[in-house]
*Asks:* 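Following this message is one structure expressed as structure tokens.
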Amino acid sequence: MKMEVRLSGSGGQGLILAGIILAEGAISSKLNAVQTQSYGPEARGGASKSEVIISDSEINFPKILKPKILLSLTQKSLNEYLKDVDKSGIIVVDSSIEVECREIANIYKFPIIDSSKEVMGSSVAANMVALGVLSQLIDDIDTENIKKSMIKRVPKGTEKLNIAAFEKGIELFNMSIHANH
Amino acid sequence: MKMEVRLSGSGGQGLILAGIILAEGAISSKLNAVQTQSYGPEARGGASKSEVIISDSEINFPKILKPKILLSLTQKSLNEYLKDVDKSGIIVVDSSIEVECREIANIYKFPIIDSSKEVMGSSVAANMVALGVLSQLIDDIDTENIKKSMIKRVPKGTEKLNIAAFEKGIELFNMSIHANH
Amino acid sequence: MKKTVVIESAWCKKCGICVEYCPVKILELNEDTVYIKDSEKCISCGKCEQRCPDYAIYLQKTE
Amino acid sequence: MKKTVVIESAWCKKCGICVEYCPVKILELNEDTVYIKDSEKCISCGKCEQRCPDYAIYLQKTE
Amino acid sequence: MTERTKLLQGNEACVQGAIYAGMRFFAGYPITPSTEIAELSSLLLPKIKGKFIQMEDEIASIAATIGASLAGYKSMTATSGPGFSLKQECIGYASLVESPCVIVNVQRCGPSTGLPTSPSQADLMQAKWGTHGDHPIIALSPSTVEETFELTVKAFNFAEKYRTPVILLLDEVVGHLREKIEIPKAGELEIVNRKKPTGNKDEYKAYEYCEDFVPPMASIGEGYRYNVTGLMHDETGFPTNSTSETGKLMNRLFDKIEENLDDILIYDEYKTDDANILLVSFGGMCRSCKDAIKKLRKENVKIGLFSVKTVWPFPEEKLKEVAKNIDKIVVVEMNKGQMIQEVQRTLGKEKDIIGINKINGEVITPIEIIDTIKEEYLRCLVK
Amino acid sequence: MTERTKLLQGNEACVQGAIYAGMRFFAGYPITPSTEIAELSSLLLPKIKGKFIQMEDEIASIAATIGASLAGYKSMTATSGPGFSLKQECIGYASLVESPCVIVNVQRCGPSTGLPTSPSQADLMQAKWGTHGDHPIIALSPSTVEETFELTVKAFNFAEKYRTPVILLLDEVVGHLREKIEIPKAGELEIVNRKKPTGNKDEYKAYEYCEDFVPPMASIGEGYRYNVTGLMHDETGFPTNSTSETGKLMNRLFDKIEENLDDILIYDEYKTDDANILLVSFGGMCRSCKDAIKKLRKENVKIGLFSVKTVWPFPEEKLKEVAKNIDKIVVVEMNKGQMIQEVQRTLGKEKDIIGINKINGEVITPIEIIDTIKEEYLRCLVK
Amino acid sequence: MPSEIIKKNLRTNRLPHIWCPGCGHGILMRAIAVSIEELNIDKDKVCIVSGIGCSSRAAGYMNFNTIHTTHGRALAFATGIKLAKPELHVIVISGDGDLTAIGGNHFIHACRRNIDITTIVFNNNIYGMTGGQYSPTTKTGDFATTAPFGNIDKPFDICELACGAGATFVARGSVYHVPNTIQYIKKGLTHKGFSVVEGLSICPTYYGRKNKKGSAIALMNELRDKCVNITKKESVNEKELEDNIYIGVFKDIITPEYTDEYKKVLDKFDK
Amino acid sequence: MPSEIIKKNLRTNRLPHIWCPGCGHGILMRAIAVSIEELNIDKDKVCIVSGIGCSSRAAGYMNFNTIHTTHGRALAFATGIKLAKPELHVIVISGDGDLTAIGGNHFIHACRRNIDITTIVFNNNIYGMTGGQYSPTTKTGDFATTAPFGNIDKPFDICELACGAGATFVARGSVYHVPNTIQYIKKGLTHKGFSVVEGLSICPTYYGRKNKKGSAIALMNELRDKCVNITKKESVNEKELEDNIYIGVFKDIITPEYTDEYKKVLDKFDK
Ligand SMILES: Cc1ncc(C[n+]2csc(CCOP(=O)(O)OP(=O)(O)O)c2C)c(N)n1
Ligand SMILES: Cc1ncc(C[n+]2csc(CCOP(=O)(O)OP(=O)(O)O)c2C)c(N)n1
Ligand code: SF4
Ligand code: SF4
Ligand code: SF4
Ligand code: SF4
Ligand code: SF4
Ligand code: SF4
Ligand SMILES: [Mg+2]
Ligand SMILES: [Mg+2]
């Protein structure tokens, strides 16, 4: 298996951390994973991205040219990266975002930011909510491993709330699947 | 013709200037000439040298391996450079210097330093006295051209005394030649 | 000649500095930008303009 | 225990500093080195040793 | 995931490897994309009684690094292109006074400030030729996070064994990449420490012309009181103007590297056995090469990779051996063509040598390699 | 001796040549064996309304030099190895912002402080590869005092014509040598000045992708108010992260040199017509080669010299042409073997290429060259 | 539509700038624009030289002759420019890292030479551009990404350093005290000789976050509360003396200026 | 046979040194030897670090751990040595060029950090080693090989610079005032923190010759006549104030020392 995930949004939304946790979860699940991100001052204002490749075999080239999954938490980042996504790919966006795209079959819209506000009182955990959603799209990673990594990586004292946000994400996804059925 | 002259002594005796004047005199006499010298802090204490090659054709390699003429104003410098001089070469030294060497035919001893004291009241013009001697050993250079260069190169106001020292050198040489005859 | 406060929303980064130091407290932030709650109360002191790092708020001369 | 002035001629560079500042003026230069004109007059003040850049003159303890 | 399986950035693995190798001193000055190396060092070193200092600039950083090395510490500094340029004078000093130390350059796109966050491999030649005067140098370039750990350990080992500065030439691709790494257990990798003098302290010669070319090294404060100078020096370490002493010193410096190439040269072959096309690459670009090879092999193209880890000295003999039966050589590098010059020199004009290069801050993708191979060697592929 | 026939040191001829070429700004920091260049500049420049400044170090010196160049002055700095290492970062800057200037390196024996007063030619590779990142460079190396004058003029001309830093690579042999020179009359040598913009000030693009690759250059204060940056930039001079703009910029920088090789490459052939042995050399060592050739020719050895004056870019095509019918190539250089690498790369393995090298601070004498030739090619000489 | 002052002095097509929300640098850049405008200096004759850092990015936004150089070297470049063309108004914009870390040497030498350049340092007590490492002006005990256990370095007082090195005009303002800061910059610009104006800036992104000092506003409030005019230094008590940050004009003397002196040398050969 | 103090502290087999007749540097080197001897410091723990210059050649003659580094960088090397091994007595010997021209940045940062290193600068107001170019301490109007029309630069006052940069012990002596100089060096060596002792030296060969100040003795006499103890500064008149050179202790305070503070960080992890 090989899964290429791009997490995009604006700087400060914690998508790098989310990517790291996802990659670490994959590794704990005995997979290979690489994580990369865009850097630099120019990344500050504009769209920022974090990329994760997960595979059961060796991963060499570490950049993603055609993501299988694109997560976007801002309109700007969706606009920038939409074109790269494969027709068979998956797009996950916050409900606030408009997706003008007919070619891609799998488009998921969730109230990711609002859910964070609901759980945490602010949008800071939107990344973890998103991670919850993503965890449900990537079968090969054990959700528990993502949680373990999360507990290790988030600031001390915020573990519980982040887990809650993560679980909120899982819930969002499952509800929507049910809705779709 | 090709003439290789090494002027040696201790730092501060003005042998670099003497070398430059000699080379410039050669150039004014429509010859080619190159002048080089030893540099650096290490040259301060030890023996210092200035080398002049004069030729009527192109001069490429600018260093002197076997000087035709060696001038030494100190014992130290003679000891250091004597071995390089060809058997057919010429050695010019101050009277105060001991020359233990039987192989080289042409050894000239002159009271160079004392003559400077005589003319200038100090040893500072020993270089010019020596230059006077050397001028008589190198036929192809017009003595007047050496004088012209000297006037240009010595500190303003000291021209006359330097010329006097130079002429004293010529005189020393000519007297000795007469004596030898 | 009077001066009125003008906002260039596209440049506002919502740092809140102008809001904090407006002596008559007539500025406020929303999701996208700063806005003027009550322009009548503005005393044209210019403190918002001086301290806005993004030149998104300033006083403009009006006839 | 007295101190007497010693000269290490091989190191003397004839700068004349010791000569100049010897308070009793008993040092002098020749062609090669500094020398002591009258060692009896030395007051062992050490000024020559302190200022000699070449460690060529110094006071030595004698019994 | 065992305790020792970790997700680490290349830059982090470098610090972990350094500490594993015994680094206890780091002096640096921040610069993208190397800064994480300083940051992690500042966090980890104090916990193991190590010393971290942020100096006022890159020159001071390498100077302090060499100072600590002379004081007996395994020491490192890290930077990127602009800082690497500034460190050049002192790299020559470290080389001439034979002070072990590791200098990391996480390459970014240049010249000058360039594209500070974009990858490049254009400091390859600089790693060898950046300082004035002839001098030997060892430079290593890893292509994975795990290799970064290993080669950092190697870098310290070489530094200590040969009393020489060693350059670790990372690139942004590897430095900023996070991937899986299995941290070796203590004792699992060999750790080399500098040879220490044992004889009479008064007779110690810090720059002795000894048989293995590497004189034992005393640390400041151990009672040897020797002299260190960047001037040419004799065996005792004191300045000399003698050309024969200078010659002896310079020859020993080169000999200690050139006589130990077997130990120093590290490289890897990938599917070269039956290859008729050989990719040559180093650092992060080996990754693109491998993916390209995998795909091309599926199309029955016989292609392999010679990946150079010890980039200096360049493994000439080994390359000749690997390329013996291969005519088509493709050098893949994120620069205008630097390693290709070594390949050309080594293999001569009988071989068909081309380069795949990029100098605009983008990595070379596997597709680009595949396309070039197909374009260039259509005939040979078809046959 | 006419007014214009002079006995000058190489370093002095450099200053005279620079002033002849239009140098009106010099910033430097003293270092043996280049110091006379600063000293003479400090004496002569004020007399012709030129500016001389001694800066606090070599980095400041090149920075001030570039600054003055941007302000419209023909400017120069001079140094030796250690200072040249320090200037590297800013050389890359000058290259990327396309600021004309001349950087003199009077080489001395290194690495590090080395033998400060002894000759060497070991900064040849550094002149090309010393700064980080790919960049084009022009470097010239004279072998006589007269040539020093001429090549200094050329250096300024190239700098202005191609908006690029030019390195004048002297060696101590030539720098400190006094010999005869005929100073050219005003107008006798061509003097090139930078192209100036003429169009609308608001539309001026300081980094335009123009046909001859060299955009016109406005000086600070002339009303153009453009932006200069060492970041990658677009045609307008403003920073860009675009890889395509970066690629275009980098390509133009290389093109402006590579498309003008005919103009830039300077070399000399000496008795090569019938030669079956070819010496290749540069700078001061050409002098030893010539004397060796004269003597060997007397013994009927057919030997000639290819003397390289434009050392960077290396005159590959010309060398190929000269060496077409010659199998034995001997590269003579005061270093561990630097130019020989270019010769090997250029001529390949069919040729028998050897080096005569010295790295101990001594010059290579004609006798040493003669001896080596006799030893190596006894057979071919006898035939 | 931007304000008049911005339109006249900045390159509006390059705005908004890359600085973070609440970054103090924008406030200082405007202060410089206002100063130039109010002094009515010929814009073609203004040359802004900067190094590398968030602060140094200012050059690219300002509509003058602008030179964005290498890290730390702005003053050395500027010295070449000013000596070449003394008729230019040369202004250096630099950060605390750029000016006093890697650029420290050029700074003290420019002070010493008393060359007529105005240096404005955007001092946010941190390396912003590279992500929050401690700088030579980071206070002892503060946290930074390379000082995870608190900074043990003692900070420079940039104004004291400038005075010790021989600068002839030295002042300090802040992003809170904008009118004062503008006044100091104007004084610096009109001063004949080397002038230094330190502008206390704020970096909410790194300095603020690392030191749990929160938002831009919290940092601005700190400036408001701690800054005291130097003229009042005499009258504060011991405890305050330590806590206070002094702003105002620290030195303002006239000694021979470098390019003037150079001109005198040139004039010797004028006849 | 050399004196006891020389035998014990210098490498007599390397003497006589390369310095010119009458060069002041030998006087200062001896003063350092006497200071170390009188303080009875363990010689194996003394590390002398120098840069490049006539003055910096001192290291090679002194019988301790001696490190002759690159031009201007001695203090940066020394900082690495001291931080690595705080138990060493690290002494930097530098010239006015080495320390305040190319090395100026490392100098001000060592002052700022207050790291326990003693710097002794042999200030002869010229670059001796390279043949007499003006240095950052050459007085305005003096001549040098690169100032043929008189120096237009303003000189640093090294002690003021050190104070401005944060050094905690700062003193100035001279080759004429040897006992005082020894006293200052001893104070510097025992001071905990960064200490600077400026030793006014003389270069008869270049400085003397270029400025027609003649011999070593003439230069020594000038030091004798112009040097006034700083404690007397208050009581001199205006004219003298300008002409005088002040010697003595300029600053002597105690603030936290760098390696001590570093140790505190290490101690946090001690358990
Ligand atoms: C030679 C060199 N070293 C290091 C860097 C990396 N670097 C860029 S900006 C910077 C520090 C900037 O700090 P400061 O000047 O305070 O500016 P700020 O970003 O805080 O405004 C550093 C270390 C560089 N670009 N070049
Ligand atoms: C990087 C570098 N730049 C320049 C030099 C040349 N250089 C050697 S010593 C020196 C100046 C020495 O002056 P100072 O420190 O005052 O010592 P002094 O000789 O006067 O005692 C210079 C410029 C060098 N060795 N290295
Ligand atoms: S001008 Fe003054 S009163 Fe008006 S909005 Fe701005 S800060 Fe408030
Ligand atoms: S100060 Fe400026 S950027 Fe900040 S909120 Fe107000 S208008 Fe917006
Ligand atoms: S010790 Fe004093 S009195 Fe005796 S010789 Fe020396 S200076 Fe003169
Ligand atoms: S001071 Fe020393 S070197 Fe000078 S004359 Fe006296 S003994 Fe000789
Ligand atoms: S990182 Fe700090 S200094 Fe840089 S732009 Fe952001 S707030 Fe400003
Ligand atoms: S040149 Fe000057 S400083 Fe150097 S040794 Fe001679 S007198 Fe001393
Ligand atoms: Mg800052
Ligand atoms: Mg000096």
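Proteins get letters first, then strands, A, B, ... in listed order; numbering begins at 1 in each.
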*Asks:* If I measure from the heavy atoms of chain D, does H/I6 come under 4.5 Å with its side chain, its backbone, both, or neither?
*Replies:* side chain
*Asks:* Chain D heavy atoms under 4.5 Å from H/L10: which part of the residue, side chain, backbone, both or neither?
*Replies:*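 Only the side chain of H/L10 comes within 4.5 Å of chain D.
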*Asks:* With chain D, which of H/P2, H/G22, H/P204 has the greatest number of heavy-atom pairs at distances under 4.5 Å?
*Replies:*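 Option with the greatest count: H/P2.
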*Asks:* Heavy-atom distance under 4.5 Å between the side chains of D/E20 and H/N221, does that happen here?
*Replies:* yes
*Asks:* To the nearest 0.5 Å, what is the distance between CG (D/L59) and CD (H/E4)?
*Replies:*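 Output value for this atom pair is 13.0 Å.
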*Asks:* Can you check whether H/Y176's main-chain N or O pairs, donor with acceptor, with D/R51's side chain at less than 3.5 Å?
*Replies:* yes
*Asks:* Using non-hydrogen atoms and a 4.5 Å limit, figure out which bit of H/S174 sits close to chain D: side chain, backbone, both or neither.
*Replies:* neither
*Asks:* So, using ring pair (Phe, Tyr, Trp, His ring centres under 6.0 Å) as the criterion, who are the partners of H/F169 when residues are at least two apart?
*Replies:* H/H191
*Asks:* Please check if atom NZ in H/K7 has more than 12 non-hydrogen atoms from other residues, nucleotides or ligands closer than 6.0 Å.
*Replies:*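 Atom NZ in H/K7 is packed in, count exceeds 12.
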*Asks:* How about residues 21-47 of chain D versus chain H: which residues have heavy atoms under 4.5 Å apart?
*Replies:*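 Within residues 21-47 of chain D, the residues under 4.5 Å from chain H are D/Y21.
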*Asks:* For the residue pair H/S3 and D/Y58, what are the closest heavy atoms and their distance?
*Replies:*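 Where H/S3 meets D/Y58 most closely, the heavy atoms are CB-CD1, 3.2 Å.
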*Asks:* Please classify the contact of H/I5 with chain D as side chain, backbone, both or neither, using a heavy-atom distance under 4.5 Å.
*Replies:*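 Side chain of H/I5 only, per the 4.5 Å heavy-atom cut-off to chain D.
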*Asks:* With a strict 4.5 Å heavy-atom criterion, list every residue of residues 8-17 of chain D that contacts chain H, or say none.
*Replies:* D/E8, D/W11, D/K13, D/C15, D/G16, D/I17
*Asks:* Please output the residues of residues 212-219 of chain H in contact with chain D, using a heavy-atom cutoff of under 4.5 Å, in numerical order.
*Replies:*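 Within residues 212-219 of chain H, near chain D: H/A216, H/I217.
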*Asks:* Which heavy atom of D/Q60 sits nearest to which heavy atom of H/M1, and what is that distance?
*Replies:* NE2-CE, 4.4 Å
